[in-house]
Amino acid sequence: MSDNDNLPAMRHSLAHITAAAVQRLWPEAKFGVGPVVKDGFYYDIDIPNVTISTDDFAKIETEMRKIIEEKQTFERSEKPVDEAISWAQDAKQPYKEELLNDLKRSGTTVAKDLNADELGTIAEGDGTIENVSFYTNGDFTDLCRGPHVGNTGEVGEFKLLRVAGAYWRGKETNPQMQRLYGVAFDTKEELTRYLELQQQAKERDHRKLGKELDLFVTSELVGSGLPMFTPRGTVLREELSRYSNELRQQIGYEKVWIPHITKTALYEKSGHQAKFGDELFLVKSQETSDEFVLKPMNCPHHTRIYASKPRSYRDLPVRYLETTTVYRDEKTGELGGLSRVRSITQDDSHVFCRQDQIEDEITKLLAAANDIYKAVDMNLRVRLSYRDEGDGYLGDPELWKVAQDQLKNAVQANNLEYFEVEGEAAFYGPKIDFMATDALEREHQLATVQLDFVQPDRFELEYVSEDGTKQTPVMIHSALLGSIERFLSVYIEHTGGKFPIWLAPEQLRVIQVKDSPELDSFVDILVASAKENGVRVVVDRSNESVGKKIRAAEVLKVPYSLVIGEKELETGQLTPRVRKDLAVEGREDSSYKSDELIGSIANEARSRVQKSSL
RNA sequence: GCCGCCUUAGCUCAGCUGGUUAGAGCAACUGUUUUGUAAACAGUAGGUCCCCGGUUCGAAUCCGGGAGGCGGCUCCA
């Protein structure tokens with residue numbers, strides 16, 4: 001963030017200087033686009049038979065600094081499009097030539113259905129463009145819309161960060177170029193701060209913390225994108241899922257259970273066969289000729305439970321919930337940590353209701369979402385996705401209109417911050433997406449509520465209405481956390497592994513100072529009482545110094561640790577050590593009788609509080 | 001799937017351009033120590049240098065293929 005209006009021009013100029021430096025080093029380089037992005041810039045470059053690596057950055061940066069020191073003036077010039085095209089041909093810049101041809105044809109380089117920012121627009125227009133602009137510094141000339149700063153000396157502080165493959169103009173079928181990323185700021189201080197923030201993000205990377213806190217593991221033998229959860233990680237999963245379930249059970253949802261495979265016939269009926277196509281894991285039966293697949297979603301199964309008996313309008317809404325795992329065969333290059341996996345556990349639910357019940361159902365769901373995001377201390381705002389005038393949508397347009405109004409009413413009833421987008425709806429119904437903001441101010445889309453006018457139809461779901469006619473219910477898909485794995489990937493980084501008491505895999509660690517029969521039994525009684533009260537407690541009786549045992553508890557970010565020795569044995573007063581972020585400021589360490597202490601911790605765990613009361 | 005980088009002990013990492021028995025810290029184990037709020041001391045054990053193939057007198061090191069990880073692209077939402 002900077003209030004300097006010059007920053008974009010500065011970054012744009014740096015992209016240009018990057019290209020100039022690359023051309024000095026590799027004269028045969030072909031250039032693509034070099035736009036400004038968040039915090040910096042990039043330039044797409046194709047050098048025949050050369051692969052730039054991070055080892056080359058020093059060399060490129062040195063060259064860039066030379067150009068900067070020379071304070072070369074950026075001179076803007078214009079050429080008619082046709083002249084520009086012959087310039088590109090002479091300069092052997094085929095990518096620029098392609099861009100110019102687009103400019104000539106349509107007045108813009110923005111290919112239809114491609115995103116302007118991604119492409120790095122060099123000009124926009126209404127099809128009447130005649131001249132295109134160039135910027136020249138020293139002996140380097142580049143097609144560019146600008147703006148640039150006055151000369152190469154005015155570009156602030158920068159650093160090349162990484163190089164990655166990127167398809168020319170974002171299309172998979174196009175050749176792949178090398179994208180050089182850099183960051184740039186006005187001052188050295190800002191650059192340093194940015195790099196420090198990056199470092200911080202790296203420190204709380206959920207993959208690193210997952211290992212350090214012993215939460216989840218992977219195995220080459222099991223496969224990519226198939227994480228397994230340790231006892232500690234499983235506590236997190238189950239506590240989150242339990243809360244999500246409780247919140248929905250309070251508003252009338254019932255738990256159901258479905259198997260993880262199905263005959264493909266189910267998805268032929270639902271129409272998902274085509275959509276999920278190559279993402280389906282196939283399961284071969286050796287006993288029958290049936291073809292099975294692992295379920296990539298749960299709704300079709302749930303419709304079978306709904307359809308298992310006749311339903312009256314009095315029975316609606318019928319609400320099912322289930323935390324269950326789906327399997328999607330994602331492309332291997334897209335997998336990473338817990339954020340993209342192939343076994344995805346959803347806190348999924350489906351409502352079958354009448355049209356006039358939609359608003360009420362959504363209102364309740366949003367309230368539940370509010371509760372759970374409050375409990376995990378994340379800010380929420382929502383995106384309402386409506387249909388547009390296009391004809392790719394299924395279902396009665398009148399129904400869409402009514403439903404969209406009901407969604408909006410429900411969002412307003414919950415006082416949620418929201419924005420509306422037309423044309424972002426799914427083909428089968430409008431939806432609400434939840435955007436949660438984490439501690440590093442990154443926004444993540446975690447959960448959605450979606451209306452569905454199509455599957456009830458496909459599956460011939462019905463209920464008998466008041467007048468005895470058969471009607472089709474509306475389906476509402478929702479998940480509060482979305483995928484538990486993805487949620488955890490965000491949440492581990494949000495908290496930096498410092499989980500609130502109700503979620504902490506280990507809530508209390510008892511550190512015994514030395515061995516003696518009296519102390520042993522004192523600690524045994526304490527621990528038994530903690531366990532009886534549902535507190536997750538671990539005892540450390542190892543033959544190590546007290547300091548070291550405390551350190552071990554700190555490293556695991558255990559909320560409470562308790563040193564027990566002669567002193568406690570004599571007085572019966574226990575003084576817990578409270579994890580720093582949980583402690584209420586200004587409160588002195590105080591001591592408690594053991595029943596009192598265990599009782600408080602147990603209460604905190606049950607009430608899902610964020611701060612310690614001890 | 002595509003482009004690039006990476007893979008050495010349970011973990012974090014050394015190991016120069018191919019050259020003896022591949023190292024360290026932490027963790028583990030054993031012994032001494034019985035400890036008071038973020039790391040006692042000593043010792044022991046631990047390796048198919050990711051896997052398969054090739055080049056070479058000789059491969060952790062070079063080449064090819066595969067697996068896994070990471071950064072992007074494309075997807076996904």
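A, B, ... follow the sequence lines: proteins, then strands. Residue 1 opens every chain.
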Rounded distance (Å) that lies between atom [atom2] of [N] and atom [atom1] of [X]:
| X | N | atom1 | atom2 | result |
| --- | --- | --- | --- | --- |
| A/Asp44 | B/rG4 | CG | C1' | 14 Å |
| A/Lys331 | B/rC3 | NZ | P | 14 Å |
| A/Arg486 | B/rC75 | CZ | P | 15 Å |

Do NZ/NE/NH1/NH2 and the carboxylate oxygens of A/Arg387 and A/Glu422 come within less than 4.0 Å?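 Salt bridge absent between A/Arg387 and A/Glu422.
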Not counting sequence neighbours, which residues clear side chain to side chain donor-acceptor pair (under 3.5 Å) with [X]? List them please.
| X | result |
| --- | --- |
| A/Thr230 | none |
| A/Thr323 | A/Ser241, A/Asn245 |
| A/Asp214 | none |
| A/Thr18 | none |

Not counting sequence neighbours, which residues clear side chain to side chain contact (heavy atoms under 4.5 Å, CB included) with A/Lys548? List them please.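 With neighbours one apart ignored, the set is A/Glu544, A/Ser545.
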Under the side chain to side chain contact (heavy atoms under 4.5 Å, CB included) rule, collect the residues that match up with A/Ala504, sequence neighbours excluded.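 Result, side chain to side chain contact (heavy atoms under 4.5 Å, CB included) vs A/Ala504: A/Gln507, A/Pro559.
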Quick one: salt bridge (Lys or Arg N to Asp or Glu O under 4.0 Å) pairs with a partner in residues 484-496 of chain A, sequence neighbours left out?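 For residues 484-496 of chain A, and leaving out neighbouring residues, the salt bridge (Lys or Arg N to Asp or Glu O under 4.0 Å) pairs sorted by first residue read A/Arg237-A/Glu485, A/Arg442-A/Glu493.
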Qualifying salt bridge (Lys or Arg N to Asp or Glu O under 4.0 Å) pairs, either residue in residues 572-581 of chain A, two or more places apart: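 Residue pairs with at least one partner in residues 572-581 of chain A: A/Glu554-A/Arg577, A/Arg579-A/Asp581.
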Residues two or more places apart in sequence or in another chain: which of them pass salt bridge (charged side-chain N to carboxylate O under 4.0 Å, His left out) with A/Arg328?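 Result, salt bridge (charged side-chain N to carboxylate O under 4.0 Å, His left out) vs A/Arg328: none returned.
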Does A/Lys211 have a side-chain nitrogen or oxygen under 4.0 Å from the phosphate oxygens OP1 or OP2 of B/rU12?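 Yes, within the criterion.
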Counting the atoms with a prime plus P, OP1 and OP2 as sugar-phosphate, which does A/Glu279 contact under 4.0 Å by heavy atoms, base, sugar-phosphate, or nothing?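 No contact.
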Atom pairs under 3.5 Å: protein N/O with N/O of nucleotides 37-46 of chain B:
residue: B/rU37; atom: O3'; partner: A/Arg577; partner atom: NH1; Å: 3.4
residue: B/rU37; atom: O2'; partner: A/Arg577; partner atom: NH1; Å: 3.0
residue: B/rU37; atom: O2; partner: A/Arg577; partner atom: NH1; Å: 3.4
residue: B/rA38; atom: N6; partner: A/Glu554; partner atom: OE1; Å: 3.1
residue: B/rA39; atom: N7; partner: A/Arg551; partner atom: NE; Å: 3.4
residue: B/rA39; atom: N7; partner: A/Arg551; partner atom: NH1; Å: 3.4
residue: B/rA39; atom: N6; partner: A/Arg551; partner atom: NH2; Å: 2.5
residue: B/rA39; atom: N1; partner: A/Arg551; partner atom: NH2; Å: 3.0
residue: B/rA40; atom: OP1; partner: A/Ser545; partner atom: OG; Å: 3.2
residue: B/rA40; atom: OP2; partner: A/Ser545; partner atom: OG; Å: 2.3

Mark yes or no for a side-chain to base donor-acceptor pair under 3.5 Å between A/Arg340 and B/rC76, with no hydrogen or angle criteria applied.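 Per atom types, the contact qualifies.
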Hey, are A/Gln573 and A/Ser591 close enough side-chain-wise for a donor-acceptor pair under 3.5 Å?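 Note: A/Ser591 and A/Gln573 side chains meet the donor-acceptor criterion.
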Range-with-range stems for RNA chain B, at least three Watson-Crick or G-U pairs under 3.5 Å: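 In RNA chain B, stems of three or more pairs: B:1-7 with B:67-73, B:10-13 with B:23-26, B:28-32 with B:40-44, B:50-54 with B:62-66.
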Report all interatomic pairs (protein N or O, nucleotide N or O of nucleotides 67-71 of chain B) with separations under 3.5 Å.
residue: B/rG69; atom: OP1; partner: A/Ser224; partner atom: OG; Å: 3.2
residue: B/rG69; atom: OP2; partner: A/Ser224; partner atom: OG; Å: 2.7
residue: B/rC70; atom: OP1; partner: A/Arg207; partner atom: NH1; Å: 3.4
residue: B/rC70; atom: OP1; partner: A/Gly337; partner atom: N; Å: 3.2
residue: B/rG71; atom: OP1; partner: A/Arg207; partner atom: NH1; Å: 3.4
residue: B/rG71; atom: OP1; partner: A/Arg207; partner atom: NH2; Å: 2.9
residue: B/rG71; atom: OP2; partner: A/Arg207; partner atom: NH1; Å: 3.4
residue: B/rG71; atom: O2'; partner: A/Arg162; partner atom: NE; Å: 3.1

